[in-house]
Amino acid sequence: MMGCIRMPIVYYFSLLLRREERIMGEKQPVAAVTEDGRMVDLNRKGEKVEKYIYFDDKEGKHIYWHSTSHLLAQAVKRLFPEAKYTIGPSIEEGFYYDFDTPHPFTEDDLKRIEKTMVNIARENLVIEREDIPREKALEYFKEQGESYKVELLEELTEPMVSIYRQGEFVDLCRGPHLPSTGRINAFKLLSVSGAYWRGDEHNPMLQRIYGISFETKEQLEEYLRFLEEAKRRDHRKLGRELDLFSLQEEGPGFPFFHPKGMTIINTLLEKWREEHRKRGYQEIQTPIMLDRSLWERSGHWDHYRENMYFSQVEEREFAIKPMNCPGGILVYQSRLHSYREFPLRMAELGLVHRHELSGVLHGLMRVRCFTQDDAHIYLEPHQITNEIIEVMDLADYFYRLFGFDYDIELSTRPENSMGSDQIWEMATSSLSKALEKVNKPYKINEGDGAFYGPKIDFHLKDSLRRRWQCGTIQLDFSMPEKFDLTYAAEDGTRQRPVMIHRTVLGSIERFLGILIEHYAGSFPSWLAPVQVQVLPIADRHMEYAGAIKQLLSEKDIRTELNQEKATLGAKIRKAQLEKIPFILVVGDSEVEKNMVAVRDRNKGDLGPMEIDKLFELVK
RNA sequence: GCCUGCGUAGCUCAGUGGUAGAGCGCACCCUUGGUAAGGGUGAGGUCACCGGUUCAAUCCCGGUCGUAGGCUCCA
């Protein structure tokens with residue numbers, strides 16, 4: 001069978017290593033890099049070490065997490081010998097391991113598995129690598145009945161493969177790994193869920209256990225607090241608590257916006273309209289439902305049908321729009337356009353409906369109808385680069401307004417697409433040219449473009465480091481062709497315009513969700529649904545409080561008057577929980593001096609103030 | 001769509017094979033207050049829906065819908 005491990009010698013080696021690590025101080029390396037730049041196990045590092053890799057390094061974390069996933073698999077195999085293990089990589093945050101077993105893992109199982117993991121870590125098993133012929137590994141895993149490992153091995157072409165052994169547990173793995181299981185100090189299994197073998201929905205569904213690990217208990221606790229914070233900021237929870245929106249059983253994926261949510265959206269859109277007007281955009285609106293023939297012509301019928309809703313009326317078939325472009329194009333075609341108008345920027349806050357699989361719906365982030373802050377820009381080919389730079393600047397303006405950091409991705413031609421190779425080539429290079437011209441770093445996303453053209457996507461990073469796709473810029477040579485769009489060029493000939501489809505916020509619904517979580521419900525004053533609440537101390541101050549409210553309302557400040565019969569403390573608490581930016585307390589003293597006592601949501605009591613001063617604060 | 005869990009008052013959640021409870025919220029009454037919870041009284045539930053087992057189902061079983069976390073897919 002597998003080569004017998006010379007236990008005492010290896011153990012001695014491991015002890016030496018641990019002493020060496022102790023000498024190096026608190027931080028112990030997780031792997032080493034040799035002179036020729038290869039990352040290797042500490043157990044095999046040999047004499048010449050270029051540098052050490054630590055947990056703090058990105059690669060170090062992945063090694064640490066990967067070793068923890070092996071620990072997880074070992075524990076599962078001890079508790080559930082019949083479970084087949086498949087793959088268990090490290091991921092962006094933590095690791096998972098997929099198992100094939102008829103026994104569904106429960107919360108209690110996770111606890112038991114964790115306990116077993118602790119025991120295995122205490123056993124401090126040496127994690128040893130062996131390089132063996134592929135055939136030999138195949139033979140071993142076949143004998144063990146580990147059919148998934150066999151499948152993986154059968155696809156490998158290398159004559160030699162590496163396996164890692166810790167105690168009785170053996171896994172096919174490239175490594176590197178920690179020197180021993182005892183090096184895994186703090187970990188937690190977070191969840192269990194289904195996952196298709198190799199991510200293919202035709203394959204069997206496996207059970208995936210997710211987890212995370214750290215070098216210290218403190219780091220783990222900090223991470224768990226971070227998860228709690230994310231839960232506290234969840235837009236679904238805050239949306240209900242702050243009465244911003246709701247989702248109803250009657251409309252899965254179709255959100256309902258309440259007055260306060262609507263106030264935020266309208267305030268946001270006021271800003272949006274103002275900025276778009278400044279930058280030369282005109283606004284249009286097109287119908288939600290249009291005849292089937294339009295969608296056949298645009299290509300949506302062939303390329304997007306499974307995501308569309310339909311309606312049949314008087315024997316005529318209509319499709320509910322999943323995108324705004326075909327409707328927008330009809331507006332363009334309603335008269336002849338001149339090159340002098342270009343770039344012709346037509347914006348539309350268009351409500352689109354897309355049938356999404358029920359399992360993907362998520363609050364406002366993933367819905368079945370949403371409002372795109374869309375625009376279609378018609379231009380001449382030589383204007384492309386400049387216009388794309390303009391749009392990127394507009395997106396940058398909005399993201400900065402909210403303090404979002406963002407990444408840019410360039411997506412290329414997908415499989416199910418239309419148009420010739422040359423057109424795609426030209427469109428894609430126009431986009432990368434614009435990106436390079438403004439010197440923005442970007443990542444290429446092969447095959448992720450729209451069916452009619454390549455695109456630049458903006459991914460926002462919120463305050464919890466999560467990324468959300470919002471803005472997109474899509475270059476399109478196909479749609480103008482399909483619809484035979486023309487314009488009168490300088491020389492009087494009819495030419496074909498190029499089209500840019502773009503959004504900045506993406507989906508208004510999703511953007512609101514992101515804002516809620518980003519601000520944890522404490523919206524900046526200009527965006528807050530209620531900016532000021534006036535609290536009279538006793539009934540006799542009601543009249544003065546009402547006058548203050550009136551004054552503020554006339555200045556277009558969103559103000560509420562609290563008329564409840566409650567103690568001041570209770571009223572303040574309630575307003576604080578509603579995250580209202582400013583609370584005005586008025587009692588005998590304020591009435592007498594014609595002032596208001598201002599309480600800032602974050603800073604607390606600011607003391608008495610003239611009303612005029614308050615106007616400045618609120619804006 | 002697939003896997004697993006969940007669905008009890010507006011919200012957060014207890015609970016039982018013999019048709020239900022708490023806290024918060026809400027309404028009313030008392031209290032007229034100075035920067036995060038004053039006191040009392042009361043209303044409010046087809047226990048998601050449909051079917052089955054049972055003398056009897058909110059509870060057990062099956063299905064449907066919704067929902068949570070993933071997978072696949074996307075703004």
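Throughout, a chain's letter reflects where its sequence line sits, starting with A, and its residues are numbered from 1. Because the structure is predicted, anything quoted here is derived from the model rather than measured.
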Whole angstrom is fine here: how far is it from [atom1] in [X] over to [atom2] in [N]?
| X | N | atom1 | atom2 | value |
| --- | --- | --- | --- | --- |
| A:Asn562 | B:rA36 | CG | C1' | 14 Å |
| A:His541 | B:rU35 | NE2 | C1' | 15 Å |
| A:Asp98 | B:rU4 | CG | C1' | 14 Å |
| A:Glu250 | B:rC49 | CD | P | 13 Å |
| A:Arg540 | B:rU31 | CZ | C1' | 14 Å |
| A:Lys571 | B:rA36 | NZ | P | 14 Å |
| A:Asp588 | B:rG33 | CG | P | 8 Å |
| A:Asp109 | B:rU4 | CG | P | 14 Å |

So do [Y] and [X] actually touch side chain to side chain, heavy atoms under 4.5 Å?
| X | Y | value |
| --- | --- | --- |
| A:Val596 | A:Val585 | no |
| A:Trp197 | A:Asp98 | no |
| A:Asp457 | A:Tyr442 | no |

Does the structure show a Watson-Crick or G-U wobble partner for [N], both distances under 3.5 Å? Name it, or say none.
| N | answer |
| --- | --- |
| B:rU53 | none |
| B:rC28 | B:rG40 |
| B:rG1 | B:rC71 |
| B:rG33 | none |
| B:rG23 | B:rC11 |
| B:rG17 | none |

Check: Just checking, A:Arg279 and A:Tyr397: is the charged tip under 6.0 Å from the six-membered ring centre and within 45° of the axis?
Finding: yes

Notebook entry, point to check: Around A:Glu229, counting heavy atoms of other residues, nucleotides and ligands shown, do more than 12 lie under 6.0 Å from its CD?
Noted result: yes

Next item on the list: Report the C-alpha separation of A:Trp65 and A:Tyr96 in whole Å, then their side-chain angles, then the decisive distance to 0.1 Å, and conclude whether the ring pair (Phe, Tyr, Trp, His ring centres under 6.0 Å) test is met.
Entry: CA-CA 9 Å; A:Trp65 289 333; A:Tyr96 66 78; over 10 Å; no

So [X], base contact, sugar-phosphate only, or nothing? Heavy-atom distance under 4.0 Å.
| X | value |
| --- | --- |
| A:Gly569 | sugar-phosphate |
| A:Ala597 | base |
| A:Lys565 | base |
| A:Ser589 | base |

Next item on the list: Name the residue closer to the 5' end of RNA chain B, choosing between A:Phe105 and A:Arg573 according to the nucleotide with the nearest heavy atom.
Entry: A:Phe105

Checklist line | Of A:His355 and A:Arg240, the one whose closest RNA chain B nucleotide lies more 5' | finding: A:His355

Gap in Å between the two [atom1] atoms, one belonging to [N] and one to [M], rounded:
| N | M | atom1 | value |
| --- | --- | --- | --- |
| B:rA57 | B:rG1 | C1' | 32 Å |
| B:rC6 | B:rC47 | C1' | 14 Å |
| B:rG23 | B:rU72 | P | 46 Å |
| B:rU54 | B:rU19 | C1' | 15 Å |
| B:rU58 | B:rA48 | P | 9 Å |
| B:rC28 | B:rG21 | C1' | 23 Å |
| B:rA9 | B:rG5 | P | 23 Å |
| B:rG44 | B:rA27 | C1' | 10 Å |

Check: Between the side-chain atoms of A:Glu590 and the base atoms of B:rG34, is any donor-acceptor pair under 3.5 Å?
Finding: yes

Check: Would you call the rings of A:Phe511 and A:Phe402 parallel, tilted or perpendicular, where under 30° means parallel and over 60° means perpendicular?
Finding: perpendicular

Item checked: Protein proximity profile, nucleotides 65-75 of chain B - base contact B, sugar-phosphate-only contact S, no contact -, cut-off 4.0 Å on heavy atoms -> -S-SBBBBBBB

Checklist line | Derivation and outcome, side-chain hydrogen bond (donor to acceptor under 3.5 Å, both in side chains), residues A:Gln248 and A:Ser246 | finding: CA-CA 6 Å; A:Gln248 315 278 349; A:Ser246 63; 2.9 Å; yes

Notebook entry, point to check: Closest to the A:Ala538 side chain: B:rA36, B:rU32, B:rC26?
Noted result: B:rU32

